[in-house]
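Have a look at the structure below, then the notes.
Quick note: numbers below take in every heavy atom, side chains included, and nothing from hydrogens, waters or symmetry partners. Throughout, residue positions are numbered sequentially from 1 according to the sequence presented.
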Amino acid sequence: AVAAWARQTVDIQTAAGQVRTADAQRMMLNGTEIYASVYANGQWTTTRLTENSTADMAPVVASNGQKAVVAWRAVSASNLENGVNFDQRDNILYNVYDGTNWSDVKTLYNGTSGAVKGIVADMMADGTAAVAYALDTDLDDTTTTDREIAYAVIDKESGEVTRTIQATKDSYLDENP
């Protein structure tokens, strides 16, 4: 079994009833890191997968019982006042567990086709993995006819993305890949 989660690593002290400033909120976002834990031989072994100054969030995990993949969003906003409008960076990163070690962090999606709105992962019995994601291609939350589904296939041997495919291109609301 494999589990993954985002953990807030920055401690911001705020008095009861006090509103957090935009700077404090950004520090909290940028202090989120991704952790994964593998259950083997009756115990969990936890590994910190990220250690950076980027907001890492929404991890998904897939495993075939021997190998695993963890993918997540790495995001940032240009506007301090609207720190959850990830217009500066909205990438998908990933790590592969080969049964013994975690790989280095790799880029699955570089953010060029739109904002990520959903993400899922799955792994076949042979270790080939796929990460599917929903995109807002016009970066406007008020429109829905531009939402599309894409996926990337991760090679079972190399752990590299072997192909990326946009599965939809239509005027329907495509969500929840």
Side-chain angles (χ1 to χ4, degrees), residues 2-10 12 20 22-38 46-63 67-97 102-123 129-144 146-155 159-168 173-177:
V2 180
W5 63 94
R7 178 176 179 215
Q8 212 293 337
T9 60
V10 175
I12 305 291
R20 292 217 165 113
D23 286 339
Q25 291 176 31
R26 179 172 275 201
M27 286 177 57
M28 289 176 63
L29 270 173
N30 289 342
T32 55
E33 301 297 346
I34 303 299
Y35 287 78
S37 197
V38 177
T46 300
T47 304
R48 183 175 177 170
L49 299 180
T50 62
E51 191 165 349
N52 54 41
S53 295
T54 299
D56 299 305
M57 61 180 56
V60 294
V61 63
S63 176
K67 294 181 177 184
V69 63
V70 173
W72 65 92
R73 292 175 67 192
V75 297
S76 61
S78 62
N79 181 350
L80 277 176
E81 298 306 315
N82 188 5
V84 294
N85 177 13
F86 306 126
D87 61 343
Q88 191 171 38
R89 179 180 186 198
D90 197 349
N91 297 355
I92 300 175
L93 306 179
Y94 74 102
N95 283 76
V96 174
Y97 181 72
W102 287 98
S103 69
D104 291 336
V105 174
K106 300 176 183 185
T107 300
L108 184 127
Y109 168 67
N110 65 9
T112 58
S113 297
V116 178
K117 294 298 179 185
I119 180 173
V120 296
D122 204 353
M123 183 174 279
V131 176
Y133 46 99
L135 294 172
D136 179 356
T137 61
D138 73 353
L139 306 175
D140 182 349
D141 284 337
T142 65
T143 61
T144 58
D146 63 303
R147 305 287 171 95
E148 304 299 344
I149 303 294
Y151 67 91
V153 176
I154 300 170
D155 183 72
E160 299 292 331
V161 172
T162 57
R163 75 193 110 182
T164 300
I165 298 170
Q166 183 174 326
T168 63
L173 171 60
D174 299 309
E175 61 181 347
N176 300 324

Whether the side chain of Thr46 engages the backbone of Ser37 through a donor-acceptor N/O pair (distance < 3.5 Å, no angle test) should be reported. no
Output for pair (Ile92 CD1, Asn110 CG), nearest 0.5 Å, gives 10.0 Å
List the residues meeting side-chain contact (heavy atoms from CB on, under 4.5 Å) with Gln8, not counting sequence neighbours, and say none if there are none. Val10, Met28, Thr32
Filter on salt bridge (charged side-chain N to carboxylate O under 4.0 Å, His left out), then keep only pairs touching residues 106-122, sequence neighbours left out; what's left? Lys106-Glu160, Lys117-Asp141
Can you measure from CD (Glu175) to CD1 (Ile149) and round to the nearest 0.5 angstrom? 8.0 Å
Distance-only polar pair, side chains of Asp138 and Thr143, donor-acceptor under 3.5 Å: yes
Using the test side-chain hydrogen bond (donor to acceptor under 3.5 Å, both in side chains), find all partners of Thr168 that sit at least two apart in sequence or belong to another chain. Glu148, Asp174
Supply the atom-to-atom distance Thr144 OG1 to Leu173 CG, rounded to the nearest 0.5 angstrom. 5.0 Å
Run the salt bridge (charged side-chain N to carboxylate O under 4.0 Å, His left out) test against Arg48 and tell me which residues pass, sequence neighbours left out. Glu33
Assess the residue pair Val120 and Val131 against the criterion (side chain to side chain contact (heavy atoms under 4.5 Å, CB included)); give the C-alpha distance rounded to whole Å, side-chain angles, the decisive distance to 0.1 Å, and a yes or no. CA-CA 6 Å; Val120 296; Val131 176; over 6 Å; no
In sequence, state the C-alpha distance, the side-chain angles, and the governing distance for Leu108 and Ile154, and then conclude on side chain to side chain contact (heavy atoms under 4.5 Å, CB included). CA-CA 9 Å; Leu108 184 127; Ile154 300 170; 3.9 Å; yes
List the residues meeting side-chain hydrogen bond (donor to acceptor under 3.5 Å, both in side chains) with Asn91, not counting sequence neighbours, and say none if there are none. none
Looking only at heavy atoms, which two atoms of Val69 and Ala129 are closest? And how far apart? CG1-CB, 3.8 Å
Apply side-chain hydrogen bond (donor to acceptor under 3.5 Å, both in side chains) to Asp56 and list each qualifying residue two or more places apart in sequence or on a separate chain. Thr50, Asn52, Trp72
Could you pull out the closest heavy-atom pair between Asn95 and Trp102, with the gap in Å? CB-CE3, 3.7 Å
May I have the step-by-step check of side chain to side chain contact (heavy atoms under 4.5 Å, CB included) for Trp5 and Ile34, ending in yes or no? CA-CA 6 Å; Trp5 63 94; Ile34 303 299; over 6 Å; no
What's the shortest heavy-atom distance between Val61 and Val70, and which atoms? CG2-CG2, 3.8 Å
Assess whether side chain to side chain contact (heavy atoms under 4.5 Å, CB included) is satisfied between Tyr94 and Leu49, documenting all intermediate values. CA-CA 9 Å; Tyr94 74 102; Leu49 299 180; over 6 Å; no
What's the shortest heavy-atom distance between Thr107 and Val161, and which atoms? O-CG2, 4.5 Å
Starting at CG of Leu139, measure out to OG of Ser113 and round the result to the nearest 0.5 Å. 10.0 Å
Would you say Arg147's side chain and Ala134's backbone share a donor-acceptor pair under 3.5 angstrom? no
Nearest heavy-atom approach of Tyr151 to Ala132 is CB-CA, 3.8 Å
Taking all non-hydrogen atoms of both residues, which atom of Ala6 and which atom of Pro59 are closest, and how far apart? N-CG, 3.8 Å
Would you give the length of the straight line joining atom CG of Asp104 to atom CG of Leu93, rounded to the nearest 0.5 angstrom? 12.0 Å
